[in-house]
Amino acid sequence: MNLARNHLKILAGYGLLLSAVLLLPATSFADAKEDKRFRENIRTVLRKHCVSCHNEADKKGGINLDAFDFVVHVVRRGELFEKVIEQVESGAMPPENKPQMSPEETDSLVMGLRRILDNALMDPDPGASVMHRLSHREYQYTVTDLLGAEFSSRDFFPSEGSGGEGFDNQSNVLYITPLMMERYYLAADSLLRQVRQDEGKWRELVPEDYSPGLFRKLIGWFDQTFGDGQMQWDKPSQMAEEVLLPFTQRAYRRLLSSEEEMELMAFFNQIYFDNWKDPQAFDNALATVMKRTMVSPHFLFRYEANQPVDKPYPLSGFELASRLSYLLWSSMPDDTLLNVAYREDLHDRQVMMREVERMMADPKFKRFTSSFAVQWLGVEESLLKPKVDPNAFPELTESIRMAMYEEVVDYFYYVFTEGKNLLDLLDSDYTFLNEELAAHYDLPGVEGKRVRKVSLADSRRGGVLGMGAVLMATSLPLRTSPVLRGQWVLEQLLGDRVPPPPPDVPELEEAKDEVHSELDLRALLEKHREAPACQGCHKNMDPIGLGLENFDAIGRWRNHYGTVEIDASGELGDGTVFSGPGELREVLLEKQDKFAKSISRKVLSYALGRGIEFTDSPTIRLLSGNLIKNDFDSHELIADLVYSYPFRYRRSDFRERYKDI
């Protein structure tokens with residue numbers, strides 16, 4: 001019988017796959033035609049003029065153009081091919097020392113690539129939809145809001161990596177392993193025990209206790225002695241329903257179906273009436289059902305329903321409420337937002353903006369800055385587990401590291417809620433300090449342990465480049481690293497991807513030879529740039545990093561290497577000259593287009609919980625363009641973000657159709 005079922009399952013699987021093929025003949029033939037045109041025209045030019053340098057073995061600039069055989073592959077790397085078009089049109093590629101393209105070849109390449117990329121962006125696409133498990137951070141805040149209990153996910157769960165743009169909420173890396181599932185069971189049990197030990201918190205969840213009266217106990221005894229022992233009565237179920245249905249709806253972040261309600265109460269009745277003589281039977285049964293809810297996929301995953309359509313469709317009100325809440329609060333929607341999702345239309349811009357303003361005014365919005373900011377800047381791990389040598393830098397105490405963390409979080413929170421000018425991230429005349437951190441920065445006049453807004457008297461610090469957390473995260477254990485700092489500015493602030501070094505170029509440390517101190521860094525970097533393969537990246541990275549050399553490896557200001565004065569001047573590849581961090585920040589302020597695109601890309605990735613794809617290009621252009629038009633107003637950025645197409649729409653994940661094959 002089982003064998004027959006397996007055969008039927010296999011046949012059904014083949015049937016589904018055959019149906020998928022038969023339903024899409026036009027698309028398949030169209031793709032085959034486009035693929036043929038790509039291989040005959042575009043790929044031919046690429047292989048003639050580009051692949052000799054940009055191949056799997058050499059990968060000049062970290063680029064391999066010999067790996068593209070189909071149009072879909074070109075679309076997936078659309079941003080790369082936009083740069084190819086830009087380089088060819090400007091005459092930068094092929095290089096002067098290589099054979100040049102004929103006008104016909106240039107037209108074939110540029111116009112062919114443009115046609116492919118334009119076709120890919122013709123229809124709006126919200127991007128891939130992947131089931132999204134709660135990240136450890138989201139789980140921690142969710143159980144806090146659900147139960148009122150404190151919980152440390154970092155200490156309880158195995159560590160999880162980051163994906164996409166460097167955030168821990170990226171769905172493609174949020175797996176569930178057997179170990180994780182075991183820890184979820186233990187976490188739910190531990191949390192409910194903690195809440196039950198606090199009578200006040202438990203009564204917030206369960207306002208009234210229940211125990212059967214004497215008459216009910218006598219009837220129950222009679223049923224167990226002379227009957228079948230299966231007697232049930234309504235009162236405990238009615239009281240439990242008033243607790244469990246609202247609790248589960250909040251945990252699932254949506255209304256329950258009638259089948260779910262019946263199943264939930266049947267489970268409660270089974271547990272309660274099997275143990276009703278126990279004085280704690282009512283509370284025990286409630287806690288058991290709550291525990292079951294907290295290990296359900298509907299709680300652990302931010303579930304969004306797949307609809308049986310091939311085109312994108314709008315999210316339901318509850319699904320959109322969850323996206324909004326996990327963006328702004330890193331947690332589940334509150335009752336107000338759930339009511340709005342049920343009674344109003346969150347897709348209405350006025351309704352959405354009203355809720356956004358309310359949620360950003362809530363203290364829970366600080367979770368956004370403590371999650372997004374520290375991950376975007378890449379400072380979280382270096383503050384919690386510093387990589388600097390404690391023997392070389394004994395001054396870096398735990399309290400200073402915590403003050404650095406608060407500086408980042410409070411600064412971002414102020415910029416997003418009160419300052420409302422995201423350019424303050426690049427340069428400002430204030431920061432957030434307490435007495436200890438101010439002394440570490442050699443800034444007088446700050447007293448007390450509380451971190452607060454402090455005006456800066458000079459241009460040494462200001463913006464994220466003056467923060468100890470950033471300066472420490474971009475240093476080595478024993479010294480600063482101009483290369484790491486320059487790369488960080490290019491990638492995190494300006495959005496310029498820095499490719500890995502060519503395999504035949506030695507690491508900077510290996511090329512160091514006789515260079516042993518920070519005093520020799522400038523000479524070492526100049527020597528490193530002599531290699532032609534290194535000049536392209538290092539001509540911008542190195543000057544930026546050297547412009548921050550007045551800050552040591554733990555963020556303190558210095559004017560000298562020992563007795564030798566520091567030279568913090570630099571010249572970028574475009575000829576821009578600056579001296580010191582103050583002038584460097586002025587240079588960055590002139591690159592508003594790049595900064596707007598970079599922060600738009602980062603915040604979109606964080607909001608969607610996935611990496612950025614080429615089909616997101618229109619949304620990034622919209623966000624960055626509006627950001628510049630609105631003078632980098634942070635509220636306007638959030639408003640445009642939550643009303644963007646990929647935030648409010650999804651397309652079905654059709655992999656679910658074949659998951660049982």
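Owing to the predicted nature of the structure, the values given are computational and were not obtained by experimental measurement.
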Engineer: Mind telling me whether Y184 and Y139 have parallel, tilted or perpendicular rings, with 30° and 60° as the class edges?
Structural biologist: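 Aromatic pair Y139/Y184 classed tilted.
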Engineer: Which pairs pass ring pair (Phe, Tyr, Trp, His ring centres under 6.0 Å) with one or both residues in residues 36-60, sequence neighbours excluded?
Structural biologist: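 Every pair satisfying ring pair (Phe, Tyr, Trp, His ring centres under 6.0 Å) with a residue in residues 36-60: there are none.
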Engineer: Applying side chain to side chain donor-acceptor pair (under 3.5 Å) to E40 and T44, what does each step give before you reach the verdict?
Structural biologist: CA-CA 6 Å; E40 290 179 350; T44 300; over 6 Å; no
Engineer: Can you name the closest pair of heavy atoms from L471 and S475 and give their distance?
Structural biologist: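 Closest approach of L471 to S475, heavy atoms only: O-OG, 2.7 Å.
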Engineer: Side chains of L117 and I85: closer than 4.5 Å at any heavy-atom pair?
Structural biologist: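 A side-chain contact under 4.5 Å exists here.
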Engineer: Between the side chains of S108 and E104, does any donor sit under 3.5 Å from an acceptor?
Structural biologist: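 No, E104 and S108 have no side-chain donor paired with an acceptor closer than 3.5 Å.
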Engineer: Salt bridge or not between E319 and R650? Use side-chain N to carboxylate O under 4.0 Å.
Structural biologist: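 No salt bridge links E319 with R650.
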Engineer: To the nearest 0.5 Å, tell me how far D125 CG sits from Y645 OH.
Structural biologist: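 Reported to 0.5 Å precision, the distance equals 7.5 Å.
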Engineer: Is atom NZ of K597 surrounded by more than 12 heavy atoms (other residues, nucleotides or ligands) closer than 6.0 Å?
Structural biologist: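 Open: at most 12 neighbouring heavy atoms sit under 6.0 Å from NZ of K597.
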Engineer: Less than 6.0 angstrom separating the ring centers of F368 and F412, yes or no?
Structural biologist: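 No, the ring of F368 stays outside the 6.0 Å limit from the ring of F412, centre to centre.
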Engineer: Do side-chain atoms of E86 reach the backbone of E82 as a donor and acceptor pair under 3.5 angstrom?
Structural biologist: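 Looks like no, no N/O pair under 3.5 Å.
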Engineer: Going by salt bridge (Lys or Arg N to Asp or Glu O under 4.0 Å), name the residues that satisfy it together with E105, two or more places apart in sequence or in a different chain.
Structural biologist: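 E105 satisfies salt bridge (Lys or Arg N to Asp or Glu O under 4.0 Å) with K48 once adjacent residues are dropped.
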Engineer: Take a 6.0 Å sphere around CE of M181 and say whether it holds more than 12 heavy atoms from other residues, nucleotides or ligands.
Structural biologist: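 Atom CE in M181 is packed in, count exceeds 12.
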Engineer: Should R47 and D66 count as an ion pair when the cut-off is N to O under 4.0 Å?
Structural biologist: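 Yes, this pair counts.
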Engineer: Between the side chains of E160 and S135, is a donor N or O closer than 3.5 angstrom to an acceptor N or O?
Structural biologist: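 No, S135 and E160 have no side-chain donor paired with an acceptor closer than 3.5 Å.
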Engineer: Using only heavy-atom distances, determine whether the side chains of Q487 and T474 contain a donor-acceptor pair under 3.5 Å.
Structural biologist: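 On atom types as modelled, these side chains do not qualify, holding no pair under 3.5 Å.
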Engineer: Could D640 and R349 be called an ion pair, given the rule that one side-chain N must be under 4.0 Å from one carboxylate O?
Structural biologist: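 Yes, charged N to carboxylate O under 4.0 Å.
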Engineer: Check whether the ring centres of F614 and F81 lie less than 6.0 Å apart, and answer yes or no.
Structural biologist: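 Between F81 and F614, which both carry aromatic rings, the centre distance is not below 6.0 Å.
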Engineer: Is a side-chain donor-acceptor pair under 3.5 Å present for Y313 with R651?
Structural biologist: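 There is no such pair between these side chains.
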Engineer: So that I know where these two stand, are H298 and Y303 an aromatic pair - ring centroids less than 6.0 Å apart?
Structural biologist: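 Yes; Y303 has its ring centre under 6.0 Å from that of H298.
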Engineer: So, are R154 and E381 salt-bridged, with charged N and O less than 4.0 Å apart?
Structural biologist: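 Looking at E381 together with R154, the answer is yes, because their closest N to O distance falls below 4.0 Å.
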Engineer: Can you tell if the side chain of R253 reaches within under 4.5 Å of the side chain of S325, non-hydrogen atoms only?
Structural biologist: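 The answer is no; the side chains never approach within 4.5 Å.
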